[in-house]
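Data first, discussion second: the structure below is written as structure tokens.
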Amino acid sequence: MNTLRCDQTQAWRALGEHYDSQGRSFDLREAFARHPGRFQALSFEAPGIFADLSKNLVDAQTLRLLFELARGCELEQRRDAMLAGAAINTTEDRAVLHTALRAPRGEGPFSDDVHGVLDAMLAYAESVRDTRASGIRHIVNIGIGGSDLGPQMVVPALEAFVHPELRFHFVSNVDGHDITSVLRHLHPGETLFVIASKTFTTQETMANAHAAKAWFVAHGGTDTAKHFVATTTNVKAAAEFGIETTFGFWDWVGGRYSLWSAIGLPIALAIGADNFRDLLAGAHEMDRHFATAPLAKNLPVLLGLIDVWYRNFHGFTTRSVAPYHQGLKRLPAYLQQLEMESNGKCVDLDGNALPFATSPVVWGEPGTNGQHAYFQMLHQGTDVIPVEFVLVKHPTHDLADQHTKLLANGLAQAQALMLGKRTDQALSERAPTAAKSLSPEVVARHRTFPGNRPSTTLMLDRLTPRSLGALVAMYEHRVFTSGALWGINSFDQWGVELGKALCNDLLPRIASSNTQGLDASTAGMMRRLFG
Ligand code: F6P
């Protein structure tokens with residue numbers, strides 16, 4: 001198979017030369033001074049999102065070469081193959097069709113199946129949302145990874161749209177503290193458990209599902225059929241567990257791409273059928289943009305290309321995500337799975353070891369909290385870490401002054417990262433808290449900021465189901481873009497298997513105190529913990 005890997009293209013070599021001659025010494029401040037139209041040239045409109053890419057370490061030549069790279073890797077053909085349902089997840093021989101989940105009725109592959117489940121799920125959600133009739137007040141989603149992070153991220157993000165009488169809880173960890181702390185506050189008659197698992201075999205989810213069922217019965221719960229619902233591809237296993245109501249999906253929906261499927265049931269319960277359809281519609285608009293916009297105006301493509309430029313030429317190892325919206329507090333965690341489980345790979349599609357780096361570490365906290373924790377390192381640390389600011393123009397609260405302060409903080413951080421502060425500037429400023437015993441020159445060096453640190457700013461007009469759908473789909477396609485250039489399979493996750501298998505080996509050993517054949521460290525710790 002021709003894997004069309006980025007490093008085998010002419011453009012890759014040209015980008016290397018461009019980096020050596022100009023990229024390494026590129027200076028944002030000079031670039032803005034040289035080119036007054038830089039903001040206009042490097043800001044982009046995509047459905048639901050305005051993107052300012054002008055504070056990135058790129059110029060017209062960098063982008064030209066990156067587009068050549070994309071063409072050399074046949075990015076558009078690969079995208080089209082995914083959208084058409086080709087089995088691009090080669091190691092599992094599966095299609096990758098999360099886009100079909102948000103295609104309008106009658107469009108896209110498997111439309112009848114998709115809309116059949118969607119209609120049934122939304123009708124069910126509406127029946128539960130009729131709280132006077134259903135008596136339900138608390139929804140507990142039990143799932144992990146892709147069966148948790150999507151709903152756990154979206155429900156608080158869309159808090160302004162959430163049913164006022166319903167409370168949402170997300171239990172994922174096999175750590176019993178997780179479910180115990182949730183159940184402590186609940187009553188069986190008011191609680192609906194959603195058991196969310198693509199496979200319905202995942203250790204954590206099954207353990208928590210059994211704990212929930214035992215709690216339900218022990219606390220006088222009677223109608224299991226009404227209080228437990230499953231979302232899974234393994235309908236048989238859900239039935240064996242004793243669940244009567246199940247909403248299914250398909251093997252071509254990857255876990256980390258599944259919030260649009262039945263896995264989104266908690267979202268539908270929270271925001272209702274119409275809003276859930278809007279979420280899908282926003283994602284679909286982004287799918288159309290990704291499918292049809294030319295490379296030079298295609299936002300997920302542009303961001304994916306810049307990701308490759310930073311990771312493989314500048315050598316940046318991480319990217320920080322700073323959503324300046326408290327509702328998006330779980331966005332970094334969601335993106336960690338999306339990006340790192342997708343692109344954290346070290347062999348290409350043919351199984352050859354890669355001679356270049358892949359997924360960066362993605363991490364972050366909402367602004368402004370991050371500013372008072374790790375932004376020090378972003379400004380003055382020894383590593384350059386591109387930052388992605390996500391700003392929302394209009395809030396859903398009426399504390400206008402606080403919102404202005406929030407947005408000003410986001411803008412100021414991006415400005416500070418880029419502009420920095422020279423030592424002579426620092427020297428000319430007063431620093432009232434500086435030690436009097438140190439010379440002003442020494443203090444000024446501590447108060448110098450290198451600047452030229454890149455950032456991207458994504459702006460949504462409002463955080464709505466539609467704009468959030470577009471934002472998340474944009475991230476999915478961006479991850480596709482960098483993964484396609486790297487020539488890897490972004491849709492499997494064999495890397496999580498080994499630890500699971502070793503855990504399954506340890507459990508019977510712990511029960512029988514058998515450390516034979518274990519490495520000394522594991523054996524020693526096992527005796528400490530269980531001996
Ligand atoms: O961690 C591996 C993984 O397979 C993820 O890809 C997935 O989202 C998660 O486990 C949960 O799997 P399931 O939905 O089958 O319980």
Side-chain angles (χ1 to χ4, degrees), residues 88-98 101 117 121 140-155 170-175 178-179 193-213 228-241 243 246-267 330-346 358-359 361-362 472 475-476 479-480 483 488-504:
I88 64 165
N89 176 357
T90 49
T91 60
E92 297 178 303
D93 194 22
R94 287 178 183 169
V96 173
L97 274 174
H98 44 279
L101 298 167
V117 174
M121 177 181 100
V140 183
N141 190 71
I142 295 181
I144 196 163
S147 299
D148 165 62
L149 287 164
Q152 200 201 122
M153 182 271 287
V154 171
V155 171
F170 294 89
V171 171
S172 52
N173 202 331
V174 75
D175 179 354
D178 197 3
I179 192 159
F193 292 98
V194 180
I195 313 299
S197 175
K198 180 175 174 181
T199 55
F200 225 80
T201 57
T202 304
Q203 184 199 61
E204 292 90 333
T205 302
M206 291 303 103
N208 281 320
H210 284 289
K213 203 166 159 189
F228 283 79
V229 57
T231 53
T232 182
T233 60
N234 191 351
V235 176
K236 189 165 162 277
E240 281 162 13
F241 181 86
I243 295 183
T246 296
F247 298 100
F249 56 108
W250 307 273
D251 70 357
W252 40 262
V253 181
R256 53 195 174 274
Y257 300 87
S258 66
L259 74 84
W260 325 98
S261 71
I263 291 295
L265 176 60
I267 302 171
R330 295 300 285 159
L331 182 66
Y334 176 81
L335 294 179
Q336 276 175 345
Q337 188 198 19
L338 180 63
E339 188 138 353
M340 293 160 73
E341 199 172 75
S342 296
N343 286 348
K345 310 286 163 66
C346 61
T358 57
S359 177
V361 176
V362 178
V472 176
Y475 278 115
E476 290 177 346
V479 167
F480 172 89
I488 59 181
N489 183 353
S490 301
F491 301 101
D492 61 12
Q493 55 283 321
W494 301 104
V496 299
E497 296 297 326
L498 178 60
K500 283 187 197 172
L502 292 178
C503 178
N504 287 337

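Atoms within a ligand are numbered from 1 in the order they appear, just like the ligands themselves. Please read these numbers as outputs of a predicted model, since none were measured by experiment.
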Considering heavy atoms of the protein only, find what lies nearest to [atom] and give residue, atom and distance to 0.1 Å.
atom                    : value
atom 15 (O) of ligand 1 : Thr199 OG1, 2.6 Å
atom 9 (C) of ligand 1  : Ile144 O, 3.6 Å
atom 8 (O) of ligand 1  : Gly146 N, 2.7 Å
atom 10 (O) of ligand 1 : Lys500 NZ, 4.6 Å
atom 2 (C) of ligand 1  : Val496 CG2, 3.4 Å
atom 12 (O) of ligand 1 : Thr202 OG1, 3.5 Å
atom 5 (C) of ligand 1  : Glu341 OE1, 3.5 Å

Would you check if [X] and [Y] make a side-chain contact, meaning some heavy-atom pair closer than 4.5 Å?
X      : Y      : result
Asn89  : Thr91  : yes
Phe170 : Val155 : yes
Phe241 : Asn234 : no

Checking side chain to side chain contact (heavy atoms under 4.5 Å, CB included) between Pro266 and each of Asn141, Thr231, Val140, which is the one that passes?
Asn141
Criterion side chain to side chain contact (heavy atoms under 4.5 Å, CB included) on Phe480 and Val96, from CA distance to verdict
CA-CA 11 Å; Phe480 172 89; Val96 173; over 6 Å; no
Only heavy atoms of [X], strictly under 4.0 Å: list the atoms of ligand 1 that pass.
X      : answer
Gln337 : 5 (C), 6 (O), 8 (O)
Gln493 : 6 (O)
Ser147 : 13 (P), 14 (O)

Heavy-atom contact under 4.0 Å between Glu204 and ligand 1?
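No, Glu204 has no heavy atom closer than 4.0 Å to ligand 1.
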Is the Phe491 ring parallel, tilted or perpendicular to the Tyr257 ring (thresholds 30°, 60°)?
tilted
Pick from Thr358, Asn489, Asp492: which one makes a side-chain hydrogen bond (donor to acceptor under 3.5 Å, both in side chains) with Lys345?
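Among Thr358, Asn489, Asp492, the one that satisfies the side-chain hydrogen bond (donor to acceptor under 3.5 Å, both in side chains) with Lys345 is Asp492.
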Regarding ligand 1, does Thr205 bring an N or O atom to under 3.5 Å of one of the ligand's N or O atoms?
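N/O-N/O distance under 3.5 Å: no.
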To the nearest 0.5 angstrom, please state how far the CG atom of Leu259 sits from the CG atom of Leu265.
12.5 Å
